[in-house]
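Below is one structure, written out as structure tokens; the observations come after it.
These numbers were taken from a predicted model, which means no experiment stands behind them. Convention: sequence-line order gives letters A, B, ...; per-chain numbering from 1.
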Number of protein chains: 2
Amino acid sequence: MRERRAERLEALGWRTGDAAAFLGLSAEEAAYVEVKVRLAEGLRRRRAALELTQTALAEAVGSSQSRVAKMERADATVSLDLLIRALLALGATRHDLARLLRGR
Amino acid sequence: MRERRAERLEALGWRTGDAAAFLGLSAEEAAYVEVKVRLAEGLRRRRAALELTQTALAEAVGSSQSRVAKMERADATVSLDLLIRALLALGATRHDLARLLRGR
DNA sequence: TGCATCCATGTCCGATTCGACATATACAGA
DNA sequence: TCTGTATATGTCGAATCGGACATGGATGCA
């Protein structure tokens with residue numbers, strides 16, 4: 001039987017599979033990152049819906065423009081805690097958070 | 001018309017309303033606490049379902065028994081970040097997290 | 001081409017959160 | 001009652017995360 005693509009690539013020294021496998025993330029780390037990215041996207045959409053700049057949002061939640069930018073980029077230096085606090089400050093409910101985690 | 005109960009109590013100097021109002025929490029703070037409590041309960045249930053002690057869970061996630069106890073009590077010194085990491089370490093998916101936030 | 005606005009990224013250092021430990025409480029079985 | 005096991009709580013030094021600031025790039029508009 002003809003060799004599958006993944007096996008052929010691996011024979012050449014390539015890592016195959018999804019982004020997590022490529023980056024060497026555990027399933028847990030991958031799940032964590034996905035949760036963070038979803039909250040980050042949710043924050044950006046919510047801010048856009050309110051037609052706020054990052055600076056305006058920063059003022060509203062007592063933070064800084066640079067940190068808001070990092071939140072929305074799901075930067076590694078931003079905790080889920082801060083992301084969730086920011087979303088709640090924009091009026092998100094726990095149901096909204098649930099929707100962000102479930103959705104797509 | 002007969003005075004409503006809330007008004008009567010307030011006339012006597014009592015704060016009325018829900019726990020948040022009583023404790024002087026903003027809507028945002030109240031929402032944050034509720035999210036934390038839900039995740040905390042979810043963690044405890046998941047640990048119980050796996051029949052792990054807090055000590056065993058602590059080892060599994062690289063923490064300590066005392067911190068696990070605080071997580072499950074929704075202690076103020078525990079971040080949502082840590083709670084979510086612990087849940088994911090126990091195999092929860094983002095859908096499970098969504099369910100915890102939505103549920104009841 | 002200048003100027004303004006918006007967002008991204010790196011760094012600093014003070015604040016918060018972490019794991020660890022000590023210790024306390026609660027409850028079970030011998 | 002004594003012993004062991006599970007959980008709760010307070011504290012500490014170390015690690016991580018936070019806001020602030022500086023700066024750079026991108027876009028739009030005069």
Side-chain angles (χ1 to χ4, degrees), chain A residues 19 23-26 28-90 92 97, chain B residues 19 23 25-26 28-90 92 97 100:
Chain A
L23 293 170
L25 300 180
S26 70
E28 233 174 285
E29 290 167 326
Y32 175 82
V33 170
E34 186 167 12
V35 165
K36 182 180 277 191
V37 167
R38 281 170 176 271
L39 295 175
E41 290 171 350
L43 181 61
R44 191 184 292 265
R45 277 193 263 106
R46 190 166 278 267
R47 176 175 66 84
L50 296 172
E51 299 184 82
L52 296 175
T53 64
Q54 289 183 345
T55 302
L57 170 54
E59 282 171 18
V61 308
S63 183
S64 61
Q65 179 270 324
S66 61
R67 197 137 289 277
V68 171
K70 284 163 190 169
M71 287 184 216
E72 294 185 353
R73 283 304 194 89
D75 188 281
T77 72
V78 171
S79 69
L80 299 185
D81 206 287
L82 183 62
L83 271 167
I84 292 175
R85 282 180 190 277
L87 280 159
L88 296 177
L90 288 189
L97 301 182
Chain B
L23 294 169
L25 299 181
S26 70
E28 230 175 286
E29 290 167 327
Y32 175 82
V33 170
E34 186 166 12
V35 165
K36 182 180 278 190
V37 167
R38 281 169 177 270
L39 295 175
E41 290 171 349
L43 180 62
R44 191 185 291 266
R45 278 202 302 277
R46 189 166 277 268
R47 175 176 66 81
L50 296 172
E51 298 184 82
L52 296 174
T53 63
Q54 290 183 345
T55 302
L57 170 54
E59 283 170 19
V61 307
S63 184
S64 61
Q65 180 270 325
S66 61
R67 196 137 289 276
V68 171
K70 284 163 190 168
M71 288 184 215
E72 295 184 353
R73 284 308 196 84
D75 188 281
T77 72
V78 171
S79 68
L80 299 185
D81 206 288
L82 183 64
L83 270 167
I84 290 175
R85 281 180 192 277
L87 280 159
L88 295 177
L90 287 189
L97 301 181
L100 289 177

Donor-acceptor under 3.5 Å (B:Glu29 side chain, B:Ser26 main chain): yes
Rounded distance (Å) that lies between atom C1' of D:dC17 and atom CG of B:Leu82: 14 Å
Sugar-phosphate, base or nothing in reach of A:Arg44, heavy atoms under 4.0 Å: sugar-phosphate
Atom-to-atom span, CG of A:Leu83 to P of D:dG19 - whole angstrom: 11 Å
Residues touching DNA chain C, which here means a heavy atom under 4.0 Å, drawn from residues 66-79 of chain A: A:Ser66, A:Ala69, A:Lys70, A:Arg73
Touch class at under 4.0 angstrom, heavy-atom based, for A:Ser64 against every strand present: base
Phosphate OP1/OP2 of D:dT7 contacted by B:Arg47 side-chain N/O (<4.0 Å): yes
Contact summary for B:Ala58 and B:Ser64, nearest pair of heavy atoms: CB-C, 3.4 Å
Report all interatomic pairs (protein N or O, nucleotide N or O of nucleotides 25-30 of chain D) with separations under 3.5 Å.
none

B:Ser79 backbone acceptor or donor facing A:Asp81 side chain under 3.5 Å: no
Atom-pair distance (NZ on B:Lys36; C1' on C:dT17), nearest Å: 10 Å
Interatomic distance, A:Gln54 CD vs C:dT9 P [rounded to whole Å]: 11 Å
Distance in angstrom units between A:Ile84 CD1 and C:dT17 P, rounded: 13 Å
Presence of donor-acceptor pair under 3.5 Å, side chain of B:Gln65 and base of C:dA20: no
Distance-minimising heavy-atom pair for A:Leu57 and A:Arg47: CD2-CD, 3.7 Å
Pairwise 5' ranking along DNA chain C for B:Val61 and A:Thr55, keeping only the more 5' one: A:Thr55
Nearest atoms (heavy-atom pairs only) where B:Met71 meets B:Ser63: CE-OG, 4.2 Å
Shortest side-chain distance from B:Ser63, nucleotide among D:dT7, D:dG19, C:dG19: C:dG19
Rounded interatomic separation in angstrom, taking CG from B:Asp81 and C1' from C:dA15: 16 Å
Length of the CG-C1' vector between A:Leu57 and C:dT5, whole Å: 17 Å
B:Lys36 side chain to B:Leu83 backbone, donor-acceptor under 3.5 Å: no
4.5 Å side-chain heavy-atom contact, B:Gln54 and B:Ser66: no
Pairwise distance CD(A:Glu34) to CZ(A:Arg38) - rounded to 0.5 angstrom: 5.0 Å
Partner set under salt bridge (Lys or Arg N to Asp or Glu O under 4.0 Å) for B:Arg67, not counting sequence neighbours: none
Separation of D:dT16 P from A:Leu80 CG (nearest whole Å): 16 Å
